[in-house]
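Below is one structure, written out as structure tokens; comments come after it.
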Amino acid sequence: MPYSIGEGPATRVSLSIPEGTAEAIRRRVGKREFSAFITGAVERELRGQILDEYLADYERRNGPVSEPEQERARQIFDEVFAEEGGWPAAS
């Protein structure tokens, strides 16, 4: 069963980041919240990539999105995600 972004049991992964970045994270959130911070950042990046891919595909098929269409899309996203809080599974 595939999990959506942010769902499923926790799994251990190995991660290498610059020490300065790791120290900045620890100063900001503390040692105990380090994993949660990284998880949140990765989930935001994945969601952004999914939205970028969808928009690029839409524009390839239909042309550029007008400003009124962009505003309407913002309203729809705000409504849907405020109600459900869900995101699609990563592909």
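Numbering of residues begins at 1 and proceeds along the displayed sequence.
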For E33, does the CD atom sit with more than 12 other heavy atoms under 6.0 Å from it, leaving out its own atoms? no
Are the charged groups of E69 and R72 less than 4.0 angstrom apart, N to O? no
Separation of L51 CG from L46 CG (nearest 0.5 Å): 11.0 Å
Interatomic distance, I25 atom CD1 to K31 atom NZ [nearest 0.5 angstrom]: 14.5 Å
Within 45° of the axis and under 6.0 Å from the centre of the six-membered ring of F37, does NZ or CZ of R28 qualify? no
I5 versus I50: any side-chain heavy-atom pair under 4.5 Å? yes
For side chain to side chain contact (heavy atoms under 4.5 Å, CB included), just list the numbers for I17 and L15, CA-CA rounded to whole Å, side-chain angles, deciding distance to a tenth of an Å, and then say yes or no. CA-CA 7 Å; I17 60 174; L15 171 70; 4.0 Å; yes
List for me each residue that meets side chain to side chain contact (heavy atoms under 4.5 Å, CB included) alongside S16, sequence neighbours excluded, and say none if there are none. none
Just wondering, are more than 12 heavy atoms of other shown residues or ligands nearer than 6.0 Å to CZ in R32? no
Just by distance, do the side chain of N62 and the backbone of Y58 share a donor-acceptor pair under 3.5 Å? yes
With respect to Q49, which candidate in E45, R47, E53 satisfies the side chain to side chain donor-acceptor pair (under 3.5 Å) definition? E45
For E43, check side-chain hydrogen bond (donor to acceptor under 3.5 Å, both in side chains) against everything at least two apart and list the hits. none
Is there a donor-acceptor pair closer than 3.5 Å between any side-chain N or O of E23 and the backbone N or O of G20? no
Ignoring hydrogens, what is the shortest heavy-atom contact between F34 and A22? Give both atom names and the distance. CE1-O, 3.6 Å
